[in-house]
Amino acid sequence: MTQLKITNSYTREKEIFEPLHAPHVGMYVCGPTVSGETHLGHARPYVTFDVLYRYLKYLGYKVRYVRNITDAGHFEEEGREAVDKVATKAKLEMLEPMELVTKYTNIYHDMMELLNNQRPSIEPTATGHIVEQIEMIKDLIAKGFAYEKNGSVYFDVLKYAKGNDYGKLSGRILDDMIAGSRELENQGEKNNAADFALWKKAAPEHIMQWQSPWGMGFPGWHIECSAMATKYLGTTFDIHGGGMDLLFPHHESEIAQSSISNGKPPVKYWMHNNMITVNGKKMGKSYGNTITLNEMFTGTHELLEQGYSPITVRFFILQTHYRSTLDFTNDSLKAAEKGLQRLLNAHNALRDMTYKADGTIDSNEDSAVNKLCLDCHDQMNDDLGTAQVLATLFDLSSRVNSWKNGQQKMNASEETFNILKKTFHDFIDVILGLKDERTSGDEGSMDAVMQLVISLRKQAREKKDFTTSDIIRDELLKAGIQLKDGKDGTSWEKS
RNA sequence: GGUCAGAUGGCCGAGUGGCUAGGCUCAGCUCUGCAAAAGCUGCUACAGCGGUUCGAAUCCGCUUCUGACCUCCA
């Protein structure tokens, strides 16, 4: 069996995962800013890191998964007048900031649940950790790496860069950045354009502001993650995840702040998922192609021909490696929808199947099935190769289906059969989190009713009364239930 | 403009120095009262041009094209 390897964005290498304090693993993932509705772009990182979280637990680690909620307003654009994003939106909607934040947080939680993402161990909010952030800023000032100007506090990037490699994570050269940002206006307050804000003085009209040693204001964007990660995971922890767009400046700045404040680099493994596109184009507000998750699931967006279920979206995401860009199109989503059904059908069939040796055991077939099961683990260990795992499961699905339909004899050993069963369960249910959305709630009574209908139809068919049997079948299909005639009788499922 | 990624069959997408990825679509077949479902078979690709190599789609260089980041962003 191979060991888990993950691509570390910091070293740009695939590295063997070795926790700092096994069996414990500390994992921090940047959460959403809850000033808007949860959209397609959010689905990618949270599904990706949910699978990592599930897999680490599956491997036996005790994981503390921290994912924050950014509910404090932040300046929109550095160099221009500070704008409190949350407050601005709140004024438009005539809501209290807290009301707005709660509304979008609730939507976010609902969407995460639909996507079958497990809840993090700790979900800290920025506004709930103002004190910690102020303390860290005070510490940075005391250590001489931050300075106060007119009620705002900035991090001294140039000083930091003398002893540290600022830009290593994002592959940037400080001198270039300084040269490139000279044209920006209103850099006046900063000693240098590359410096970033730790604390911003709030204008009187800002709704969200707090008392600090530097007057009324609000925290800079980067400091919250440093403060909260340190508080809950310690000065150095195992994994920090997020979207690639956060590499710079967010994570670069996090490294700088935490390294000075804690005296050592904060993270052992940096992991970044790639971005999504819609019909080949970046999704963004300025492109007018932002699709919220609610629109995705219900199909209420002009770019969508239909709704796609949360698990279809999840499956679609997992069919692509997390470090590649992922393009959402109607055609590819429809393909994913069908593929998912096929996989889950095989999974259900296998779950309900009992071992029966009907024929001689083919040792070649037996070892082939065994190898494919082992492959799943190796593929998952190779930097979360979920796309490959799914391909392998599809391979195995053909066998399962042919056994079920009697198209091929079950020529594997009972031991292999049990391994196969466990592999499907472990990967589909436990690790990838692909639940069957068609089986809901009142399955028991529903099935009893369906068995009755099926038996009536069978009687009709035996009497060659195909008119009746076809009415039953076709009307059920209209009602969203599909009958499947097989060797061992008829089964049904919601379509 | 700077930096960094990609360019794979009808579509989506893995992956790899030599051996069929997989999914969807399409065609044929098997099964079936008919269909659906399922299985089987077929369609076999790696942008272009050089180079390294016994051998490259996989390594190197150049060209073309696309995308991302550099600003709030997942």
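The figures here come from the full heavy-atom set of this structure, side chains too, leaving out hydrogens, waters and symmetry mates. Letters A, B, ... are given to chains in the order of the sequence lines, protein chains preceding strands, and every chain is numbered from 1. Bear in mind that the values here come from a model prediction, so they are computed numbers and not experimental data.
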[N] to [M] separation - [atom1] atoms, rounded to the nearest Å:
{"N": "B/C72", "M": "B/G2", "atom1": "P", "result": "22 Å"}
{"N": "B/G23", "M": "B/C43", "atom1": "C1'", "result": "16 Å"}
{"N": "B/C26", "M": "B/C11", "atom1": "P", "result": "15 Å"}
{"N": "B/C59", "M": "B/U16", "atom1": "P", "result": "9 Å"}
{"N": "B/G42", "M": "B/G10", "atom1": "C1'", "result": "15 Å"}
{"N": "B/A36", "M": "B/U25", "atom1": "P", "result": "13 Å"}
{"N": "B/G6", "M": "B/C60", "atom1": "P", "result": "11 Å"}
{"N": "B/C40", "M": "B/G50", "atom1": "C1'", "result": "44 Å"}

Minimum-distance nucleotide to [X] side chain [options: [options]]:
{"X": "A/D485", "options": "B/G39, B/A35, B/A38", "result": "B/A35"}
{"X": "A/R342", "options": "B/A74, B/G39, B/A35", "result": "B/G39"}
{"X": "A/L246", "options": "B/A74, B/A37, B/G33", "result": "B/A74"}
{"X": "A/T33", "options": "B/A36, B/A38, B/A74", "result": "B/A74"}
{"X": "A/Q482", "options": "B/A74, B/C40, B/A37", "result": "B/A37"}

Determine whether a donor-acceptor pair (N or O, by modelled atom type, separation under 3.5 Å) exists between the side chain of [X] and the backbone of [Y].
{"X": "A/Q133", "Y": "A/A126", "answer": "yes"}
{"X": "A/E252", "Y": "A/S170", "answer": "yes"}
{"X": "A/S226", "Y": "A/I223", "answer": "no"}

Whole angstrom is fine here: how far is it from [atom1] in [X] over to [atom2] in [N]?
{"X": "A/L343", "N": "B/A21", "atom1": "CG", "atom2": "P", "value": "20 Å"}
{"X": "A/K338", "N": "B/A38", "atom1": "NZ", "atom2": "C1'", "value": "14 Å"}
{"X": "A/L115", "N": "B/A74", "atom1": "CG", "atom2": "C1'", "value": "13 Å"}
{"X": "A/H250", "N": "B/A74", "atom1": "NE2", "atom2": "C1'", "value": "11 Å"}
{"X": "A/E37", "N": "B/A74", "atom1": "CD", "atom2": "P", "value": "14 Å"}
{"X": "A/M275", "N": "B/A74", "atom1": "CE", "atom2": "C1'", "value": "5 Å"}
{"X": "A/L483", "N": "B/U32", "atom1": "CG", "atom2": "P", "value": "18 Å"}

| So, for A/Y269 and A/H240, is the gap between ring centers shorter than 6.0 Å? |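 No, they do not, as the ring centres are separated by 6.0 Å or more.
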| Validation row, ring centre A/Y160 to ring centre A/F155 under 6.0 Å |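 Ring-ring flag for A/Y160/A/F155: true, centres closer than 6.0 Å.
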| field | Consecutive Watson-Crick or G-U pairs in runs of at least 3, all under 3.5 Å, in which RNA chain B is involved | value |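 As far as RNA chain B goes, consecutive pairing (with distances under 3.5 Å) yields the stems B:1-7 with B:64-70, B:10-12 with B:22-24, B:26-30 with B:38-42, B:47-51 with B:59-63.
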| In this structure, are over 12 heavy atoms from other groups packed under 6.0 Å from A/Q118 atom CD? |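 Atom CD in A/Q118 is crowded, with more than 12 foreign heavy atoms closer than 6.0 Å.
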| query | Is the number of heavy atoms from other residues, nucleotides or ligands under 6.0 Å of A/K458 NZ greater than 12? | reply | no
| message | Going by centres under 5.5 angstrom and planes under 30 degrees, do the aromatic ring of A/F466 and the base ring of B/G33 stack? | response |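 A stacking contact exists, since A/F466 sits close and nearly parallel to the base ring of B/G33.
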| Who pairs with A/F394 by side-chain contact (heavy atoms from CB on, under 4.5 Å), at least two apart in sequence or on another chain? |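 Partners of A/F394 under the side-chain contact (heavy atoms from CB on, under 4.5 Å) test: A/F315, A/R342, A/L343.
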Please determine if [X] and [Y] form a salt bridge, counting it only when a charged side-chain N lies under 4.0 Å from a carboxylate O.
{"X": "A/R351", "Y": "A/D429", "value": "no"}
{"X": "A/D382", "Y": "A/K14", "value": "yes"}
{"X": "A/K5", "Y": "A/E15", "value": "no"}

Using OP1 and OP2 only, check whether a side-chain N or O of [X] sits under 4.0 Å from [N].
{"X": "A/K281", "N": "B/G67", "result": "no"}
{"X": "A/K334", "N": "B/G23", "result": "no"}
{"X": "A/N273", "N": "B/A74", "result": "no"}

| message | According to side-chain hydrogen bond (donor to acceptor under 3.5 Å, both in side chains), does anything in residues 36-50 of chain A pair up with another residue at least two apart or in another chain? List the pairs. | response | A/D50-A/R54, A/D50-A/R314
| A/H222 vs A/F196 aromatic rings, parallel, tilted or perpendicular, using cut-offs 30° and 60°? |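 The rings of A/H222 and A/F196 stand perpendicular, inter-plane angle above 60°.
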| said: Quick check: any donor-acceptor pair below 3.5 Å linking the side-chain of A/R473 to the base of B/C34? | reply: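 Counting by modelled atom types and ignoring angles, a donor-acceptor contact under 3.5 Å is found here.
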| said: Looking at the base of B/G33, is there any donor atom on it, or on the side chain of A/D470, that sits under 3.5 Å from an acceptor on the other one? | reply: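 Per atom types, the contact qualifies.
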Can you check nucleotides 7-18 of chain B for protein contacts, nitrogen or oxygen pairs under 3.5 Å, and list what you find?
from: B/A14; atom 1: OP1; to: A/H321; atom 2: N; distance (Å): 3.2

| task | Would you please name every residue forming a side chain to side chain donor-acceptor pair (under 3.5 Å) with A/T277, sequence neighbours left out? | result |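 In terms of side chain to side chain donor-acceptor pair (under 3.5 Å), with neighbours along the sequence ignored, A/T277 is linked to A/D327.
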| said: Within residues 456-464 of chain A, which residues have any heavy atom lying less than 4.0 Å from an atom of RNA chain B? | reply: A/R457, A/R461
